[in-house]
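What follows is a single structure, written as structure tokens, with notes after it.
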Amino acid sequence: MGCRFDITLVSKNKQEANNLIDEAIEEMRRIEYLLSEWKIDTPVSLVNKNAGLSPVKVPLELLQITNRALQFSKMTEGAFDITMAGLNHIWKYDGSMKKMPSKTELQVAIRYVGYKNICIEQDKRTIFLAQKGMRIGFGSIGKAYAADCAKELLVKKGVTAGIVNASGDMAIWGKQPDGTPWTVGIINPLNKEKLFAKFPVHNGAVVTSGTYEKYTVINGKKYSHIIDPRTGMPTAEIASVTVFAPTAELANGLSTSIVIMGIEVGLHFINQIRGVSCVIVDNNAKIFTSNNIKIDKI
């Protein structure tokens with residue numbers, strides 16, 4: 001999935017824990033194949049290959065996660081959109097990008113972005129992208145979903161406590177061996193060696209979406225990897241968003257959306273959702289929180 005996964009388990013038997021970790025890794029590999037847009041024979045690749053041509057019958061699990069992605073899109077009025085994959089060729093973050101895309105390039109690329117052009121027939125279990133050239137990708141919620149699935153497998157296997165960390169998308173359950181809750185820290189995006197605060201997490205998920213780690217520099221200015229699907233341009237107001245939610249998939253979908261929505265709209269949005277809270281850090285390292293969370297700075 002192009003990211004690092006770390007698995008922490010609480011167990012009395014090291015070998016048993018290692019065996020369970022291996023099973024969790026296999027589960028995440030299964031999800032990788034299900035959702036990858038880069039491997040040529042995956043269900044998502046077949047959907048993209050047949051864009052504008054014909055519907056593709058897909059596994060029920062892919063249909064379900066696509067439905068949830070569309071719900072995110074509707075909830076956020078388009079701030080979240082899995083058809084953003086159609087902009088992958090415009091913005092590059094491997095150091096090769098030296099100039100801004102032209103207005104014409106953006107206008108052409110943005111024509112292939114739009115969640116409303118994803119057509120699903122639930123009974124036939126098919127996905128159809130209405131425009132040729134469209135693509136869907138699960139780079140945002142895919143790794144979070146994999147973390148959720150690995151956690152679910154481990155819980156079913158009897159693991160009482162642990163963390164599955166998919167590069168910052170964390171699914172957490174149980175307590176540490178000494179009985180204390182797991183704690184997560186929020187990094188100061190202007191100084192990654194320091195933390196703003198620590199929070200205890202009992203059961204649930206924590207996800208941070210940030211613009212400070214992955215970016216491209218053009219003419220001395222940083223452009224983040226989080227792009228507004230409505231404009232095709234990277235976001236600029238927010239440095240990081242940390243969301244606490246029941247599942248990593250939900251937390252990831254919300255955190256990515258808030259970065260695009262902006263501080264005021266994002267906080268109002270989160271305040272309407274029961275069981276979810278967030279901490280936002282702007283590009284001046286100023287902290288904003290939703291109504292249902294208290295922050296004690298370190």
ask   = Would K198 and V184 satisfy side-chain contact (heavy atoms from CB on, under 4.5 Å), going step by step from the backbone distance to the final call?
value = CA-CA 5 Å; K198 290 183 179 180; V184 296; over 6 Å; no
inquiry  = Between E61 and R30 (salt bridge meaning N to carboxylate O under 4.0 Å), is one present in this structure?
reply    = yes
key: Residue pairs involving residues 249-267 (criterion salt bridge (Lys or Arg N to Asp or Glu O under 4.0 Å); sequence neighbours excluded)   = R68-E249
ask   = Is there a donor-acceptor pair closer than 3.5 Å between any side-chain N or O of N291 and the backbone N or O of N271?
value = no
key: Polar side-chain atom of N50 near backbone of P55 as donor-acceptor pair, under 3.5 Å   = no
ask   = With side chains defined as the heavy atoms from C-beta onward, is the minimum distance between W182 and M170 less than 4.5 Å?
value = no
ask   = What are the two closest heavy atoms between S45 and I40, and how far apart are they?
value = CB-O, 3.6 Å
task = List for me each residue that meets side-chain hydrogen bond (donor to acceptor under 3.5 Å, both in side chains) alongside D6, sequence neighbours excluded, and say none if there are none.
result = R4
query = Is there side-chain contact between T256 and T76, with at least one heavy-atom pair below 4.5 Å?
reply = no
query = Less than 4.5 Å apart, any side-chain heavy atom of Y223 and any of V217?
reply = no
request  = Could you tell me the separation between the OG atom of S240 and the CD1 atom of I186, rounded to the nearest 0.5 Å?
outcome  = 7.0 Å
ask   = Is I82 reachable from F128 through a run of hydrophobic residues whose side-chain heavy atoms are each under 4.5 Å from the next?
value = no
ask   = Where is the tightest heavy-atom contact between F80 and S73, given as atom of each residue plus distance?
value = O-OG, 2.6 Å
request  = Nearest 0.5 Å please: distance from the CZ atom of F244 over to the CG atom of L254.
outcome  = 13.0 Å
task = Supply the atom-to-atom distance L250 CG to I273 CD1, rounded to the nearest 0.5 angstrom.
result = 7.0 Å
ask   = Which heavy-atom pair separates A171 from A147 by the least distance, and what is that distance?
value = CB-O, 3.9 Å
task = Please identify each residue that fulfils side chain to side chain contact (heavy atoms under 4.5 Å, CB included) with D178, with sequence neighbours left out.
result = Q176, T180
ask   = Going hydrophobic residue to hydrophobic residue with side-chain gaps under 4.5 angstrom, can you get from V281 over to I293?
value = yes
Set of residues satisfying side chain to side chain contact (heavy atoms under 4.5 Å, CB included) with respect to K57, sequence neighbours excluded = R125, T126
key: Gap between atom CD1 of I118 and atom CD1 of I127 - 0.5 Å precision   = 7.5 Å
task = Please lay out, stage by stage, how N19 and Q15 fare under the test side chain to side chain donor-acceptor pair (under 3.5 Å).
result = CA-CA 6 Å; N19 292 339; Q15 185 57 52; 3.0 Å; yes
key: Close aromatic pair by centroid cut-off 6.0 Å: F138 and Y145   = no
query = Side-chain contact, heavy-atom cut-off 4.5 Å: P59 with L34?
reply = yes
query = Considering all heavy atoms of both residues, which atom of I141 and which atom of A69 are nearest to each other, and what is their separation?
reply = CD1-CB, 4.2 Å
ask   = So if you build clusters from Ile, Leu, Val, Met, Phe, Trp, Tyr with side-chain heavy-atom gaps below 4.5 Å, do L153 and I25 land together?
value = yes
request  = Quick one: pull up CD1 in I90 and OG in S102 and give me the separation to the nearest 0.5 Å.
outcome  = 7.5 Å
task = Check whether any side-chain N or O of W91 sits under 3.5 Å from a backbone N or O of I227 as a donor-acceptor pair, and report yes or no.
result = no
ask   = Within a radius of less than 6.0 Å around CD of E23, do more than 12 heavy atoms belonging to other residues, nucleotides or ligands occur?
value = yes
inquiry  = Does I280 form a side-chain contact (heavy atoms from CB on, under 4.5 Å) with E237? I'd like the steps, not just the answer.
reply    = CA-CA 10 Å; I280 300 174; E237 181 184 17; over 6 Å; no
query = Side-chain contact, heavy-atom cut-off 4.5 Å: T42 with L46?
reply = no
task = Please name the residue in the list E32, E26, E27 that meets the side-chain hydrogen bond (donor to acceptor under 3.5 Å, both in side chains) test with R29.
result = E26
Connected via hydrophobic side-chain network under 4.5 Å: V44 and F72 = yes
query = Do the side chains of I31 and V207 join up, straight or via other hydrophobic residues, at under 4.5 Å, putting them in one cluster?
reply = no
Minimum-distance pair of heavy atoms, taken over all atoms of I258 and V243 = CD1-CG2, 4.1 Å
query = Which distance, rounded to the nearest 0.5 Å, do you find between the CD of Q122 and the CG of L60?
reply = 9.0 Å
query = How far apart are the closest heavy atoms of G179 and K175, and which atoms are they?
reply = O-CD, 3.1 Å
Side chain K151, main chain I172, donor-acceptor under 3.5 Å = yes
ask   = Where do I120 and L70 land on the side-chain contact (heavy atoms from CB on, under 4.5 Å) test, with the steps shown first?
value = CA-CA 10 Å; I120 293 180; L70 291 176; 3.7 Å; yes
query = Would a 4.5 Å heavy-atom cut-off, applied to side chains only, mark I287 and V279 as touching?
reply = yes
request  = Show your working on side-chain contact (heavy atoms from CB on, under 4.5 Å) between Y33 and D41 and close with a plain yes or no.
outcome  = CA-CA 9 Å; Y33 177 79; D41 61 340; 3.7 Å; yes
ask   = Tell me, do D228 and T231 make a side-chain contact under 4.5 Å, heavy atoms counted?
value = yes
By side-chain hydrogen bond (donor to acceptor under 3.5 Å, both in side chains) - contacts of D81 (at least two apart) = T83
inquiry  = Give me each pair satisfying salt bridge (Lys or Arg N to Asp or Glu O under 4.0 Å) with a member in residues 126-142, each pair once, sequence neighbours excluded.
reply    = E37-R135
query = Does the side chain of N292 come under 3.5 Å of the side chain of S290 through a donor N or O and an acceptor N or O?
reply = yes
key: Sidechain N-carboxylate O distance under 4.0 Å for E152, K156   = yes
task = Indicate yes or no: at least one non-hydrogen side-chain atom of F5 is less than 4.5 angstrom from one of N165.
result = no
